[in-house]
Undergrad: 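One structure, pasted below without further comment.
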Amino acid sequence: MKASTPGQPNLRQQQASARRRQILEAAVRLFARQGVARTTTRQIAREAGVSEGLIFRYFPTKLDLVRAVTGSPHVFLGDLRKVLKDAEARPVGDVIRQVATVWLDLLHREADISSIMFGEALINPEIGGILDQVIAEGAAGIERFLDAAKQAGKITALLDTRTVAHMYMASILMFFLRYRHLSEADWERESAIFANNLKVAWLRMVAP
């Protein structure tokens, strides 16, 4: 058997990773289709084409499986961090528009997981906590950017950056919830219009 390169997963690890991903993808499909509460591990096993025992090998409880599906805030926050990196040197309006575009693209691309998080957050404290973390960390990143822009005199010194950051995040999330069922072409058109209009509206609000 060919030895694996140091630092790279061996064949057994690759197979385990693929099997785990297979189970998670099946869980996402069922959670999105019928909700977390009504989905059983037996149904997930059947959807994934594996034994129920194998699911428990990777995820000891159903809650562990739910956490694995929805519990990766870095997936949603990673792109935001990339946009905000070195953002202070760029025009405020361009950053505002790009953040909206990137987040809407991600929410749409991960629509099943996004829908699970929003749909279950009110009745499942675990998922609600994960969603709160995503929103709080995202808003904090926007707030830091706005604070730097305020110090640089790019936006009004009277701005309450924390409130504005949360309002900004809320507007993006509300747009996704309202229009997530659009066709691909309609989504691309409407989300682009929204991002541009958001830039115009927010520039008027934060103008020095």
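Treat the numbers as computed from the prediction; the structure is a model and nothing was measured.
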Undergrad: F194: which residues meet the ring pair (Phe, Tyr, Trp, His ring centres under 6.0 Å) condition with it, sequence neighbours left out?
TA: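 For F194, the residues satisfying ring pair (Phe, Tyr, Trp, His ring centres under 6.0 Å) (neighbours in sequence not counted) are F175.
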Undergrad: With the threshold set at 4.0 Å, does a side-chain nitrogen-carboxylate oxygen contact exist between D94 and K199?
TA: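 Counted as a salt bridge, because a side-chain N and a carboxylate O are separated by less than 4.0 Å.
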Undergrad: Taking side chain as C-beta onward, heavy atoms only, is T40 less than 4.5 Å from L30?
TA: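 Heavy-atom side-chain distance check fails, nothing below 4.5 Å.
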Undergrad: Other residues, nucleotides and ligands only: do more than 12 of their heavy atoms fall within 6.0 Å of CZ on R12?
TA: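 Atom CZ in R12 is not packed in, count stays at 12 or less.
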Undergrad: Is L104 reachable from V200 through a run of I, L, V, M, F, W or Y residues, each pair having side-chain heavy atoms under 4.5 Å apart?
TA: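 Unlinked, V200 and L104 end up in two clusters.
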Undergrad: Could you grab the distance from atom OG1 of T161 to atom CG of D147, nearest 0.5 Å is fine?
TA: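 These two atoms lie 3.5 Å from each other.
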Undergrad: Side-chain heavy atoms nearer than 4.5 Å, only ILVMFWY residues, links allowed to pass through others: does that put L63 and I55 together?
TA: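 The answer is no; the residues belong to distinct hydrophobic clusters.
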Undergrad: Run the side chain to side chain contact (heavy atoms under 4.5 Å, CB included) check on T61 and F56 step by step: do they pass?
TA: CA-CA 6 Å; T61 68; F56 293 127; over 6 Å; no
Undergrad: Determine, stepwise, if the pair F31 / I44 fulfils side chain to side chain contact (heavy atoms under 4.5 Å, CB included).
TA: CA-CA 9 Å; F31 289 162; I44 295 171; 4.1 Å; yes
Undergrad: I'd like to know if the side chain of N124 and the backbone of E120 have a donor-acceptor N/O pair within less than 3.5 Å.
TA: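 Side chain of N124 to backbone of E120, a donor-acceptor pair under 3.5 Å: no, none is there.
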Undergrad: With rounding to the nearest 0.5 Å, note down the distance linking CG in L131 to CD in E126.
TA: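 Spacing of CG (L131) from CD (E126) equals 13.5 Å.
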Undergrad: Compare all side-chain heavy atoms of R97 with those of V99 and state whether any distance is below 4.5 angstrom.
TA: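 A side-chain contact under 4.5 Å is absent here.
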Undergrad: Are V95 and M205 connected into the same hydrophobic cluster when the rule is that any two of I, L, V, M, F, W, Y join if their side-chain heavy atoms are below 4.5 Å apart?
TA: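 Yes, same cluster.
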Undergrad: Got a second to check how far K82's NZ is from Q98's CD, nearest 0.5 Å?
TA: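 Nearest 0.5 Å value for the NZ-CD distance: 11.5 Å.
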Undergrad: Can you name the closest pair of heavy atoms from I23 and L65 and give their distance?
TA: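 For I23 versus L65, the nearest heavy atoms are CG2-CD1, 4.1 Å.
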Undergrad: Can you say whether the rings of F118 and F176 are parallel (under 30°), tilted (30 to 60°) or perpendicular (over 60°)?
TA: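 Because their plane-to-plane angle lies in the 30° to 60° range, the rings of F118 and F176 count as tilted.
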Undergrad: Is it true that I135 and L177 fall in one hydrophobic cluster, defined by side-chain heavy atoms closer than 4.5 Å?
TA: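 Linked, I135 and L177 end up in one cluster.
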Undergrad: Which atom pair, heavy atoms only, marks the closest approach of A165 to L146?
TA: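 Smallest interatomic distance, heavy atoms only, reads N-CD1, 4.4 Å.
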Undergrad: Please give me the minimum heavy-atom distance between V83 and R90, naming the atom from each residue.
TA: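 Minimum heavy-atom separation between V83 and R90: O-NH1, 3.4 Å.
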Undergrad: Between K62 and T39, is there a donor-acceptor pair closer than 3.5 Å when you use the side chain of the first and the backbone of the second?
TA: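 Yes; at least one donor-acceptor contact below 3.5 Å.
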Undergrad: Could you tell me whether R81 and E137 have a side-chain N and a carboxylate O separated by less than 4.0 Å?
TA: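 Looking at R81 and E137, the cut-off is met.
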Undergrad: For the CG atom of N196 and the OG atom of S191, what is their distance to the nearest 0.5 Å?
TA: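 Reported value, rounded in 0.5 Å steps: 10.0 Å.
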Undergrad: Looking at every non-hydrogen atom in both residues, tell me the closest pair between R38 and Q34 and how far apart they are.
TA: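 In terms of heavy atoms, the two residues are closest at NH2-O, 2.8 Å.
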Undergrad: Within a 6.0 Å radius of atom CZ on R19, are there more than 12 heavy atoms belonging to other residues, nucleotides or ligands?
TA: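 No, CZ of R19 has 12 or fewer neighbouring heavy atoms, counting only those of other groups under 6.0 Å.
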Undergrad: Considering non-hydrogen atoms only, spot the tightest contact between I172 and A100 and give its length.
TA: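 Of all heavy-atom pairs spanning I172 and A100, the closest is CD1-CA, 3.7 Å.
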Undergrad: When you check the side-chain N and O atoms of Q43 and E47, is any donor under 3.5 Å from an acceptor?
TA: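 Note: Q43 and E47 side chains miss the donor-acceptor criterion.
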Undergrad: Take T41 and F59 through the test side chain to side chain contact (heavy atoms under 4.5 Å, CB included) and record every step on the way to the result.
TA: CA-CA 10 Å; T41 51; F59 308 100; over 6 Å; no
Undergrad: Does M174 reach the side chain of R178, with side-chain heavy atoms less than 4.5 Å apart?
TA: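 A side-chain contact under 4.5 Å is absent here.
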Undergrad: Of the options R20, Q22, R21, which is the one that meets L24 in a side-chain contact (heavy atoms from CB on, under 4.5 Å)?
TA: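 Only one option passes, and that is R20.
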Undergrad: Charged N to carboxylate O under 4.0 angstrom, R67 versus D64?
TA: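 Salt bridge between R67 and D64, a charged N being under 4.0 Å from a carboxylate O: yes.
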Undergrad: Is it true that atom CD of E88 has more than 12 heavy atoms of other residues, nucleotides or ligands lying nearer than 6.0 Å?
TA: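 Result for CD/E88: open.
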Undergrad: Does a side-chain heavy-atom distance below 4.5 Å link K150 with T156?
TA: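 Result no, sub-4.5 Å side-chain heavy-atom pair not found.
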Undergrad: Where do W202 and Y168 land on the ring pair (Phe, Tyr, Trp, His ring centres under 6.0 Å) test, with the steps shown first?
TA: CA-CA 9 Å; W202 283 78; Y168 176 76; 5.4 Å; yes
Undergrad: Is R180 close to S115 at the side-chain level, that is, under 4.5 Å between some pair of heavy atoms?
TA: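 Side chain of S115 against side chain of R180, heavy atoms only: contact under 4.5 Å found.
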Undergrad: Can you tell me how far CZ of R189 sits from OG of S183, rounded to the nearest 0.5 angstrom?
TA: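 Between S183 OG and R189 CZ, I get 7.0 Å after rounding to 0.5 Å.
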Undergrad: Taking the side chain from S17 and the backbone from Q13, do they hold a donor-acceptor pair closer than 3.5 Å?
TA: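 Answer holds: no.
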Undergrad: Do F145 and V92 come close enough that some side-chain heavy atom pair is under 4.5 Å?
TA: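 When only atoms from C-beta onward are counted, V92 and F145 do touch, with a gap below 4.5 Å.
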Undergrad: Working to the nearest 0.5 Å, report the span between OG of S171 and CG of N197.
TA: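 S171 OG to N197 CG: 11.5 Å, rounded to 0.5 Å.
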Undergrad: Under 4.5 Å between any side-chain heavy atoms of L80 and V102, yes or no?
TA: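 Contact flag for L80/V102 side chains = no.
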Undergrad: Quick one: do M167 and I155 end up in the same hydrophobic cluster if we chain Ile, Leu, Val, Met, Phe, Trp and Tyr together by side-chain heavy atoms under 4.5 Å apart?
TA: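 Yes, M167 connects to I155 through the hydrophobic network.
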Undergrad: At their closest point, which heavy atom of V69 faces which heavy atom of A27, and how far apart are they?
TA: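 Minimum heavy-atom separation between V69 and A27: CG2-CB, 4.1 Å.
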Undergrad: Has R162 got more than 12 heavy atoms of other residues, nucleotides or ligands less than 6.0 Å from its CZ?
TA: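 Result for CZ/R162: open.
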